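Down below is the structure, laid out as structure tokens.
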Amino acid sequence: MAAREIFAGMPWWVKWVAVPVIALVVFGGLIASVVGFLFGLLFKLLIFVALVGGLIYVVRRFMSSSSSRGDW
């Protein structure tokens, strides 16, 4: 039996309210852990990009100021 045939005789609230609520109760922990993992990964990626950008900025600033003095 296909899912379409099973849900054909059901009221609208079973299809659009009860089934999603049951899915959230059953898979809620899994969904929360996946979303938490993705947010943690995104946060670490943003920190990495900020640190690399800051490092590039500091190195360029240091290289430009040291080359203009000519004391090497």
Side-chain angles (χ1 to χ4, degrees):
M1 285 185 120
R4 194 175 295 257
E5 295 172 3
I6 294 172
F7 286 116
M10 299 287 173
W12 68 269
W13 59 268
V14 172
K15 292 184 262 190
W16 300 108
V17 177
V19 173
V21 167
I22 293 171
L24 282 176
V25 169
V26 172
F27 297 110
L30 177 66
I31 293 169
S33 64
V34 168
V35 169
F37 173 75
L38 290 176
F39 276 124
L41 190 64
L42 179 64
F43 178 73
K44 289 178 184 177
L45 182 66
L46 288 174
I47 293 294
F48 175 74
V49 168
L51 289 174
V52 169
L55 177 66
I56 291 171
Y57 173 77
V58 167
V59 168
R60 283 189 177 173
R61 187 168 175 105
F62 176 74
M63 294 296 284
S64 68
S65 66
S66 66
S67 66
S68 64
R69 285 186 299 191
D71 58 354
W72 282 89

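Small disclaimer: the values here were computed from a predicted structure and weren't measured.
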Other than [X], which residues form its hydrophobic cluster under the rule that side-chain heavy atoms must be closer than 4.5 Å?
{"X": "L41", "answer": "I22, L24, V26, F27, L30, I31, V34, V35, F37, L38, F39"}
{"X": "L46", "answer": "L42"}
{"X": "I47", "answer": "F43, L51"}

Name each donor-acceptor pair under 3.5 Å that joins a side chain in residues 53-63 to protein atoms two or more places apart or in another chain, with its distance.
| unit_1 | atom_1 | unit_2 | atom_2 | d |
| --- | --- | --- | --- | --- |
| Y57 | OH | R61 | NH1 | 3.2 |

Residues which pass side-chain contact (heavy atoms from CB on, under 4.5 Å) with P11, listed by chain and number, not counting sequence neighbours: W13, V14
side-chain hydrogen bond (donor to acceptor under 3.5 Å, both in side chains) contacts in which one or both residues fall within residues 21-37, not counting sequence neighbours: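 Applying side-chain hydrogen bond (donor to acceptor under 3.5 Å, both in side chains) to every pair that reaches into residues 21-37, excluding sequence neighbours, yields nothing.
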side-chain hydrogen bond (donor to acceptor under 3.5 Å, both in side chains) pairs, two or more places apart, involving residues 37-48: none
Heavy-atom pair of closest approach, residues K15 and M10: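 Heavy atoms of K15 and M10 come nearest at CE-O, 3.7 Å.
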Partner set under side chain to side chain donor-acceptor pair (under 3.5 Å) for R4, not counting sequence neighbours: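 None.
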